[in-house]
Amino acid sequence: MTLDSNPIIAGRLLKLSALRASGVDPYPPRTPVRLPIAEVRGMNPEQGDAVQTSGRIRARREHGKTIFMDISDPSGKVQLYFNSRELPPETWEILEHTDLGDIIWVAGVLFVTRMGELTVKVTEMKVLVKAVRPLPVVKVDSEGEVHDAVSDPDLLYRHRCVDLLLNADSRERLVSRSRMIKALRDYLDGSGFIEVETPILQQLYGGANAEPFITKYNFLDQQCYLRIATELYLKRLMVGGFHKVYEIGKDFRNEGVDRTHSPEFTQLELYEAWTDYEGMMLRFEELVSAAAAALGKGSEITFQGLSIDLATPFARVPFVDALHRHSGEALFDMDHAALARHAGRLGIATGGADRPDLLDKLFDHYVTPTLVQPTFVIDYPVELSPLAKGKPDNPMLTERFEAFIAGIELANAFSEQNDPLLQRRILEEQAASSGHREGGVDEEFLYALEVGMPPAGGLGVGVDRLAMILTDAGSIRDTILFPHLRREK
RNA sequence: GAGCCGCUAGCUCAGACGGUAGAGCAUCUGACUUUUAAUCAGAGGGUCCGGGGUUCGACUCCCCGGCGGCUCACCA
């Protein structure tokens with residue numbers, strides 16, 4: 001469909017030509033001096049101050065010889081008043097070739113209308129941008145009630161610019177995400193960490209159990225993977241003497257999409273020498289507190305109707321205890337067959353699931369939904385945690401935790417395994433037994449452990465999910481500016 | 001991957017039992033010199049998601065497909 005097959009767009013294109021024909025550049029290269037709209041609104045109208053500002057036309061109310069308009073910029077909205085008797089005819093003519101959505105610059109004088117609205121009486125105007133595509137019109141009445149809000153999620157996700165322009169919720173949420181990430185960085189930088197960047201394009205993938213995206217580097221005629229985690233590279237840095245290090249970046253997992261999963265998501269991973277998973281619990285608590293504070297939130301927040309208390313310390317519950325308590329049975333002591341029967345009775349798919357898979361599924365079934373208040377689930381079974389150090393007093397368990405809020409897994413951390421021989425054995429066994437580990441064992445990672453990695457704690461935080469919790473977003477997609485969608489027809 | 005729901009004008013939505021599509025906003029024309037969901041009068045605007053089928057006739061019923069939403073499954 002060509003642009004002008006839509007009659008509304010065709011009309012705008014005509015006005016665009018008309019502007020050009022009368023010597024007006026509809027896309028001038030520079031903006032005259034202007035004040036942000038919020039500053040205009042903050043001025044004292046008694047003085048009849050001269051002001052210059054610019055913004056997008058959001059509403060237009062014509063009254064014969066006069067026109068009221070609302071224009072907005074990111075800082076706010078202000079009303080303009082045009083009077084044809086007091087404007088040069090050329091200016092009035094330009095005005096008649098503007099539409100909702102156009103961006104204009106005006107100069108004028110402040111006054112307050114009969115209705116008490118601070119208004120710029122325009123004496124001069126310029127078109128800065130002629131919008132050729134109509135913006136959906138959303139109206140807000142005097143009670144603040146929004147009318148005809150654009151609600152089609154498809155339209156909003158595909159055309160995020162429209163969403164951001166029209167929906168204050170979206171705009172504020174995504175700004176909050178940025179502020180939150182800045183707070184995480186500030187906290188870590190202030191705590192002596194350094195931020196690094198590790199490869200996204202990898203010849204091997206690892207650091208998590210996930211299906212990778214596969215791509216190809218033409219120059220070397222070589223298959224590559226998009227990273228699924230940053231873990232193995234950050235640990236090389238630990239070996240190299242970066243003892244407090246973190247990365248905030250995208251990981252890619254070639255798996256399903258739902259409310260809490262996106263194929264492309266942002267993870268914070270940090271590693272810190274001379275500490276362990278206990279230290280990581282403190283880090284996580286402090287990161288969450290810093291993030292909440294940056295958004296002006298206290299410890300009491302609401303998420304999807306749930307009241308959540310972010311006050312630290314967060315609860316700690318051993319994995320096995322929680323599993324047994326919520327299931328009412330000693331599941332951890334059962335063998336594979338018994339677990340499979342148990343899971344089968346609950347209608348959980350057990351095909352191909354090994355014992356650790358079953359334990360994890362059963363945990364998800366019985367315990368995860370109950371973890372509404374911030375909770376560290378600690379001491380995971382060793383089979384679920386190939387990169388974590390075992391507990392000295394119990395070889396079945398590891399020094400690992402996952403952090404949950406509102407039933408959502410937000411973080412995963414452990415006392416990092418640094419025994420090179422043990423780590424090699426675990427990774428090789430895993431590579432042999434698991435069909436989809438095409439990447440093989442990361443020898444360079446093992447080489448680094450052989451050189452010697454100091455005792456350390458490591459922590460991974462799902463940044464998008466933390467943003468969900470702190471901005472009360474029902475879907476991870478709401479926290480991602482451009483979430484992945486299927487190709488449009 | 002499965003089930004359910006949805007897709008009608010630029011936007012939000014109606015459309016009884018199958019009879020050839022409507023409203024509000026937006027757009028266009030006209031009126032109006034302080035309005036603010038401005039108001040008033042008039043006009044234009046549709047591949048009813050796509051493709052098949054049933055039927056004299058399909059937005060409507062059936063089948064296949066697309067996209068989206070929700071739920072489930074998958075996902076350390």
Side-chain angles (χ1 to χ4, degrees), chain A residues 1 5-12 14-15 58-70 77-86 99-101 111-117 119 121 131-159 162 166 207-211 228-229 253-263 265 319 347-354 356-357 359-361 363-364 368 377 380-381 383-388 398 400 402 409 412 414 430 434 436 460 474-475 477 485-489:
Chain A
M1 171 159 122
S5 68
N6 174 315
I8 294 179
I9 293 177
R12 287 170 176 246
L14 280 177
K15 291 180 188 172
R58 303 306 295 272
R60 184 184 174 108
R61 296 174 289 278
E62 297 200 31
H63 298 265
K65 302 289 184 290
T66 66
I67 297 177
F68 289 92
M69 272 187 192
D70 297 335
K77 188 156 98 170
V78 71
Q79 176 167 268
L80 308 181
Y81 172 75
F82 298 83
N83 187 324
S84 69
R85 301 266 170 88
E86 301 175 30
D99 290 296
L100 296 182
F111 75 106
V112 175
T113 65
R114 220 178 266 163
M115 305 296 286
E117 179 90 11
T119 301
K121 181 187 226 176
V132 295
R133 190 177 286 276
L135 208 52
V137 177
V138 179
K139 299 197 171 186
V140 182
D141 66 23
S142 49
E143 269 100 59
E145 187 93 8
V146 177
H147 299 263
D148 295 332
V150 178
S151 56
D152 178 359
D154 192 32
L155 186 156
L156 296 174
Y157 288 135
R158 281 190 204 284
H159 304 297
V162 173
L166 261 30
N209 185 16
E211 200 65 28
I228 57 173
R253 297 189 182 175
N254 206 338
E255 288 160 0
V257 175
D258 64 25
R259 216 171 41 259
T260 58
H261 292 82
S262 166
F265 66 102
F319 180 94
I348 296 173
T350 58
D354 55 17
D357 284 344
L359 286 171
D360 202 47
K361 282 172 196 270
F363 186 89
D364 248 9
T368 303
V377 175
Y380 275 66
E383 307 99 305
L384 287 170
S385 318
L387 297 164
T398 54
R400 171 185 177 191
E402 288 193 357
E409 179 197 333
N412 183 20
F414 10 97
Q430 194 184 47
S434 172
H436 58 73
S475 165
R477 263 173 309 204
L485 297 175
R486 283 174 210 263
R487 186 167 308 156
E488 203 169 11
K489 284 167 289 186

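Throughout, protein chains are lettered first and strands after them, A, B, ... in sequence-line order, and every chain is numbered starting at 1.
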- Query: Under the rule syn = chi within 90° of 0, otherwise anti, which is rA16(B)?
  - Reply: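 Syn, which is what one calls it when the glycosidic angle falls within 90° of 0.
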
- Message: Anti or syn, where syn is a glycosidic angle within 90° of 0; which label fits rC17(B)?
- Response: syn

Looking across every strand, which nucleic acid part, if any, lies under 4.0 Å from [X] by heavy atom: base, sugar-phosphate, or nothing?
X	answer
R12(A)	nothing
A149(A)	sugar-phosphate
Y157(A)	sugar-phosphate
P356(A)	nothing

By nearest atom, which of the nucleotides [options] is closest to the [X] side chain?
X	options	answer
K139(A)	rG45(B), rC25(B), rA76(B)	rC25(B)
H63(A)	rG45(B), rU27(B), rA38(B)	rA38(B)
D99(A)	rC28(B), rC67(B), rC11(B)	rC28(B)
T119(A)	rU12(B), rU35(B), rU27(B)	rU35(B)
N6(A)	rG69(B), rC32(B), rG10(B)	rG10(B)
D148(A)	rC25(B), rA38(B), rC28(B)	rC25(B)
L485(A)	rC32(B), rG68(B), rU35(B)	rG68(B)
D360(A)	rA76(B), rA37(B), rA26(B)	rA76(B)
F68(A)	rC28(B), rU34(B), rA76(B)	rU34(B)

Provide, to the nearest angstrom, the distance between the [atom1] atom belonging to [X] and the [atom2] atom belonging to [N].
X	N	atom1	atom2	answer
D141(A)	rU39(B)	CG	P	12 Å
R58(A)	rA26(B)	CZ	P	14 Å
E62(A)	rU36(B)	CD	P	15 Å
D152(A)	rC70(B)	CG	C1'	15 Å
D70(A)	rU35(B)	CG	C1'	10 Å
L155(A)	rU12(B)	CG	P	6 Å
R486(A)	rG50(B)	CZ	P	19 Å
I9(A)	rA9(B)	CD1	P	15 Å

Pairwise [atom1] distance for [N] and [M], with rounding to whole Å:
N	M	atom1	value
rG18(B)	rC25(B)	P	33 Å
rG66(B)	rG50(B)	P	15 Å
rU8(B)	rA58(B)	C1'	14 Å
rG15(B)	rC59(B)	C1'	8 Å
rC13(B)	rG6(B)	C1'	13 Å
rG46(B)	rG3(B)	P	37 Å
rC32(B)	rG69(B)	C1'	46 Å
rG44(B)	rU54(B)	P	37 Å

[X] (side chain) and [N] (base): donor-acceptor pair under 3.5 Å:
X	N	answer
S151(A)	rU12(B)	no
D258(A)	rC74(B)	yes
R114(A)	rU34(B)	no
Q79(A)	rU35(B)	yes

- Query: Is the shortest heavy-atom distance from the side chain of V140(A) to the side chain of H147(A) under 4.5 Å?
  - Reply: no

- Evaluate the side-chain proximity of F414(A) to L387(A): yes if any heavy-atom separation is below 4.5 Å, no if none is. yes

State whether [X] places a side-chain N or O below 4.0 Å from either non-bridging phosphate oxygen (OP1 or OP2) of [N].
X	N	value
R253(A)	rA76(B)	no
K361(A)	rC75(B)	yes
K15(A)	rU27(B)	no
R61(A)	rA38(B)	yes
R158(A)	rG68(B)	yes
K121(A)	rU34(B)	no
R477(A)	rG69(B)	yes

- Message: Y81(A) vs F111(A), test: ring pair (Phe, Tyr, Trp, His ring centres under 6.0 Å). Steps then yes/no.
- Response: CA-CA 10 Å; Y81(A) 172 75; F111(A) 75 106; 5.6 Å; yes

Taking a pair as Watson-Crick or G-U wobble with both distances under 3.5 Å, which nucleotide is matched to [N]?
N	result
rC40(B)	rG30(B)
rU55(B)	none
rC7(B)	rG66(B)
rA2(B)	rU71(B)

- Message: Closest-nucleotide mapping onto RNA chain B: is K65(A) or V138(A) further toward the 5' terminus? I mean the 5' end.
- Response: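 With K65(A) and V138(A) compared, the 5'-side residue is V138(A).
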
- Query: Would you call the rings of Y380(A) and F319(A) parallel, tilted or perpendicular, where under 30° means parallel and over 60° means perpendicular?
  - Reply: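 Correct class here is tilted.
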
- Residues R259(A) and S475(A): side-chain donor-acceptor under 3.5 angstrom: no

- Task: State plainly whether the residues K139(A) and D148(A) are in salt-bridge range, i.e. N to O under 4.0 Å.
- Result: no

Where the side chain of [X] meets the backbone of [Y], is there a donor-acceptor pair that is under 3.5 Å apart?
X	Y	value
E255(A)	P263(A)	no
R400(A)	V377(A)	no
R58(A)	K77(A)	no

